[in-house]
Amino acid sequence: MKLVKIIFWILWRVWFYLLIALLIIVLFPLLVLSILKESWYPFFFKLAQFWAKCILWGMGFYTKIQYEASFSKKQSYMLVANHTSMTDIMLMLVIAKNPFVFVGKKELAKIPLFGFFYKRTCILVDRDSPKSRMAVYQRAQNRLNQGLSICIFPEGLVPEDESVVLADFKDGAFRLAIEHQIPIVPMTFYDNKKRFSYTFLSGSPGIMRAKVHPFIPTLGLTLEDKKNIKDQVWNILFQELSSSNHKL
C-alpha cells in the first residue's frame with residue numbers, strides 16, 4: 001500500500017509540472033501577445049486565470065471560496081494570504097476579481113517557460129538586496145497608477161518548520177498599502193498545505209477552501225500605524241488557521 005502511494009505521489013507531482021508547461025505551450029502565442037504592452041496586462045491576467053483554473057482542475061482540486069466582502073472594479077487592493085504551497089499562486093488567481101501583480105522572489109524566474117512570463121509580468125525582489133527591495137516600491141507605484149492591485153505573501157517564505165501555523169509577517173505589503181492608501185484584503189488558504197505542500201511525497205486531490213475576509217481600509221493611516229495593521233491581519237489569519245474546524 002505504501003509503495004502504491006509513493007508511485008501515485010511521484011506520477012501526480014510530475015503531472016503537475018507537465019500540466020503547467022503544456023498549458024503555457026498551448027497558450028504561448030496569446031501570452032506573448034498579451035505582454036507586448038503594459039497596458040494589455042488585463043488581457044494577460046485573464047489568460048493567467050484560465051491557466052490557474054485548468055491546473056487546479058487538472059490536479060483534482062476543487063475550490064470552495066467564501067467571500068465576506070466584494071471587490072470593486074475601480075479599486076486597487078493589497079492582497080495578502082498565508083503561504084504554504086505552489087498552488088497558492090493558482091488559488092489567488094482564481095479568487096481575485098481585479099487584475100493584480102504578484103510581488104515574488106526572483107528565483108522563480110529561473111523556472112523554464114513559467115519564468116519567461118513571470119519575470120515580465122511580476123515584480124521581482126531579491127530579499128538579500130536592500131536596493132532590490134526599494135525598487136519594488138517604485139514598480140508597485142507604476143502598477144497601481146495603471147489601476148492594478150498588488151499581491152504579496154507577507155510571510156516572505158514558506159515556513160521550514162512544519163509545526164508553524166503562520167510565520168511572522170514582513171513589513172512590505174503593509175507599508176505599500178499605507179503609502180498608497182489602498183485597502184488590504186486578508187485571505188486564508190485552509191487546505192493548500194494538506195493538498196500540495198512543498199514535501200514531495202505528500203498531498204492528494206480534494207477541496208481547497210479559502211476565505212476572503214472583510215477588507216481593512218488604510219485611508220488616513222500613516223507609517224506609524226504599520227505595525228498595528230500588520231498585527232491585525234496576522235491575528236485574523238492565525239485565528240482562522242488555528243481554529244479546530246480549519247486545521248490543515
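- Rounded to the nearest 0.5 Å, atoms CZ (Phe114) and CD1 (Ile89) are 4.5 Å apart.
- Side-chain contact, His213 with Thr188: a donor N or O sits under 3.5 Å from an acceptor N or O.
- Cluster membership check: Ile207 does not share its hydrophobic cluster with Leu241, using side-chain heavy-atom separations under 4.5 Å among Ile, Leu, Val, Met, Phe, Trp and Tyr.
- Within the structure, side-chain hydrogen bond (donor to acceptor under 3.5 Å, both in side chains) pairs that include any residue of residues 6-23 comprise Arg13-Ser202 (at least two apart or interchain).
- Using a cutoff of 4.0 Å between basic side-chain nitrogens and carboxylate oxygens, Lys211 and Glu68 are scored as salt-bridged.
- When only modelled atom types and interatomic distance are considered, Ser204 and Arg195 share a side-chain donor-acceptor pair under 3.5 Å.
- Other members of the cluster containing Trp57 are Tyr62, with ILVMFWY side chains joined at under 4.5 Å, either directly or via other members.
- Neither side chain, Asn142 nor Gln146, offers a donor N or O lying under 3.5 Å from an acceptor on the other.
- For Phe117 and Phe28, the gap between ring centers is short of 6.0 Å.
- Linking ILVMFWY side-chain heavy atoms closer than 4.5 Å, directly or via other members, places Leu201 and Tyr198 in a single hydrophobic cluster.
- Across all non-hydrogen atoms, the minimal contact from Pro186 to Leu237 is CB-CD1, 3.8 Å.
- Within the cation-pi definition used here (under 6.0 Å to the ring centroid, within 45° of the axis), Arg139 does not qualify as a partner of Tyr137.
- Under the 4.5 Å side-chain contact rule for hydrophobic residues, Val101 and Leu36 do not share a cluster.
- Under the 3.5 Å distance criterion, the side-chain polar atoms of Trp234 are matched with a main-chain donor or acceptor of Ala167.
- Cluster annotation: Phe50 is connected to Leu56 through the hydrophobic network of ILVMFWY side chains, with a link wherever side-chain heavy atoms come within less than 4.5 Å.
- Proximity of the aromatic rings of Phe100 and Phe102 is defined here by a centroid distance below 6.0 angstrom, and this criterion is met.
- Between the side chains of Gln239 and Asn235, not a single donor N or O lies within less than 3.5 Å of an accepting N or O.
- Here Ile182 contributes atom CD1 and Leu79 contributes atom CG; the two are 8.0 Å apart, rounded to the nearest 0.5 Å.
- The same ILVMFWY cluster, assembled from side-chain heavy atoms under 4.5 Å apart, contains both Phe8 and Val14.
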Could you please spell out the steps behind the side-chain contact (heavy atoms from CB on, under 4.5 Å) verdict for Phe169 and Asp231?
CA-CA 8 Å; Phe169 284 175; Asp231 291 346; over 6 Å; no

